2 protein chains.
Amino acid sequence: MQGVEATRETGAGSGLTERQGAVLEQALRLLVDGGERALTTAGVARAANCSKESLYKWFGDRDGLLSAMIAFQASKVRTLDVSAEALDAAGLRAHLVAFAKDLLDVLSGEVSLALNRLAIGQASREGSKLGRLLQERGRRPIARRAGALLEAGRKAGLLAFDDAEEAYGALYGLVVADWHLRMLLGEDASAIKKDFSRRAERAVDAFLALHGGKG
Amino acid sequence: MQGVEATRETGAGSGLTERQGAVLEQALRLLVDGGERALTTAGVARAANCSKESLYKWFGDRDGLLSAMIAFQASKVRTLDVSAEALDAAGLRAHLVAFAKDLLDVLSGEVSLALNRLAIGQASREGSKLGRLLQERGRRPIARRAGALLEAGRKAGLLAFDDAEEAYGALYGLVVADWHLRMLLGEDASAIKKDFSRRAERAVDAFLALHGGKG
DNA sequence: GCCCCTCAGTACCGTACGGTACGGTTCGTG
DNA sequence: CACGAACCGTACCGTACGGTACTGAGGGGC
């Protein structure tokens with residue numbers, strides 16, 4: 001069976017075989033459950049039923065494994081772009097609320113939290129390579145999606161702002177506030193999660209009060 | 001000289017001698033410079049010219065040292081409460097801008113960033129003890145100061161909000177947005193810091209547009 | 001002048017981890 | 001059937017770190 005797997009690649013065209021993807025899945029599981037201390041090469045090998053030698057052949061070294069984990073997880077999260085046609089006020093609000101909910105869901109996900117903790121913990125090592133990777137593959141796609149939505153709103157005369165970057169910052173801040181940091185620090189997120197819908201709507205309403213066109 | 005130091009306590013009444021404070025200072029220096037990996041007990045002992053045995057006598061174990069570092073740093077940051085008398089619109093705005101600037105300065109400080117990285121990295125260990133400590137000694141005093149200011153503004157009829165916690169969340173989000181996370185991930189903060197003043201003012205203006213009384 | 005306490009410096013121990021090497025097994029291929 | 005590639009499982013090595021024990025020196029208290 002191994003020979004077959006070894007050449008069949010994973011869908012995302014990331015150059016990973018299914019076997020390697022499964023190994024990364026197990027590694028993410030270990031990271032989520034036990035933090036970075038639990039993410040040892042021997043542990044990954046044991047959990048994934050593979051040998052350490054294969055790990056080093058596939059990913060180079062431990063840092064390569066960490067990078068591959070981030071890239072792999074990012075490849076699974078698809079940020080669907082919104083078709084910006086026929087946008088009225090209610091539609092814009094609905095899209096913004098959906099974005100806000102998605103944002104909160106992603107940021108509060110256990111894998112996202114674990115990877116952010118990992119990258120933050122390594123930020124003072126080797127030029128924060130993991131941090132930059134996480135920004136590229138995690139934050140940027142989200143910001144792009146929001147930016148497109150905001151631009152569409154402005155084009156439709158529904159939003160007013162000078163700097164799109166700044167407007168996105170306001171939206172992000174109103175939605176997330178300090179919840180992300182609190183969750184990263186270990187605060188229990190379950191009590192927070194059930195309030196995401198209301199929170200997203202209030203934040204979007206506040207954002208529209210600030211930047212709503214002709215409002 | 002040692003005997004003298006050993007009984008003279010540090011000003012904050014934290015039960016620490018000056019010598020122990022100096023050791024914690026060196027430990028913070030090591031943490032800032034090299035991250036958690038550089039914060040070894042042997043390294044601290046060498047940098048502070050003390051013995052490992054003293055470290056363990058004073059702080060129990062490595063986790064005790066980390067906790068002491070957080071408490072020590074927090075004891076140095078004094079959050080001055082604002083006298084809420086004679087508050088007019090301009091005064092409120094000035095106070096809010098000052099708060100926003102202080103908040104950005106604190107969060108972007110290298111010691112703060114290093115301690116946050118440390119606590120976040122340990123969040124999945126032993127019930128995120130460091131995370132809770134950082135929240136108690138770091139976030140809470142700041143939130144208290146802001147909360148008092150907001151309440152004073154409401155009493156003076158200058159602010160309107162239902163939930164003080166939510167209003168504080170909006171203020172925090174507008175001021176900080178995702179800059180804190182980006183700095184934690186290792187993004188260079190120097191380019192950001194020079195813009196703090198403008199950033200604080202724009203955020204406060206937005207906040208006042210949302211919650212400014214009769215406005 | 002003597003005792004005792006504190007502390008620096010160092011040597012030491014156990015362990016855990018990153019990385020490597022090797023034997024054995026399962027496949028596909030000619 | 002023979003060969004080779006990929007790979008699992010494990011044993012192994014060097015190192016680094018947390019924590020402990022010991023030695024010796026510098027003062028205070030009486």
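What you are looking at is a predicted structure, and each value in this text was computed from that prediction instead of being measured. Both backbone and side-chain heavy atoms feed into the values below; hydrogens, waters and symmetry mates do not.
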Return the residues of residues 22-37 of chain B meeting this criterion: a heavy atom under 4.0 Å from some atom of DNA chain C. Order them by number, or give none. none

Under 3.5 Å, side chain of B:Arg182 to main-chain N/O of A:Gln135, donor-acceptor pair present? no

Taking B:Arg199 first and then B:Asp195, would you say they form a salt bridge - that is, a charged N and a carboxylate O separated by under 4.0 Å? no

Rounded to whole Å, please give me the gap between CG in B:Asn49 and C1' in D:dG26. 16 Å

Salt bridge (charged side-chain N to carboxylate O under 4.0 Å, His left out) partners of A:Lys76, counting only residues at least two apart: A:Glu25

Give the nucleotide from the list D:dC7, C:dC7, C:dA21 with an atom nearest to the side chain of A:Glu53. C:dA21

Does B:Ser54 place a side-chain N or O at less than 4.0 Å from the phosphate oxygens OP1/OP2 of C:dA8? yes

From NZ of B:Lys52 across to P of D:dC22 the rounded distance in Å is 16 Å

Could you identify which residues of residues 117-129 of chain B place a heavy atom less than 4.0 Å from some atom of DNA chain D, listed by residue number, or say none? none

DNA chain C nearest-nucleotide lookup for B:Ala45 and A:Leu39: closer to the 5′ end is B:Ala45

B:Thr41 side chain near D:dG18 phosphate (N/O to OP1/OP2, under 4.0 Å): yes

Residue set satisfying side-chain contact (heavy atoms from CB on, under 4.5 Å) with A:Ser112, at least two apart, ordered chain then number -> A:Asn116

Could you identify which residues of residues 55-68 of chain A place a heavy atom less than 4.0 Å from some atom of DNA chain C, listed by residue number, or say none? A:Tyr56, A:Asp61, A:Arg62

Electrostatic pair B:Asp63:B:Lys129 at N-O distance under 4.0 angstrom: no

Distance in angstrom units between A:Gln20 CD and D:dC8 P, rounded: 10 Å

I want to confirm an ordering. Mapping A:Thr40 and B:Arg46 to their closest nucleotides on DNA chain C, which one lands closer to the 5' end? B:Arg46

Could you check whether A:Glu166 pairs with B:Arg198 (Lys NZ or Arg NE/NH1/NH2 to Asp/Glu carboxylate O, under 4.0 Å)? yes

Mind checking what makes side chain to side chain donor-acceptor pair (under 3.5 Å) contact with B:Arg154, not counting sequence neighbours? B:Glu151

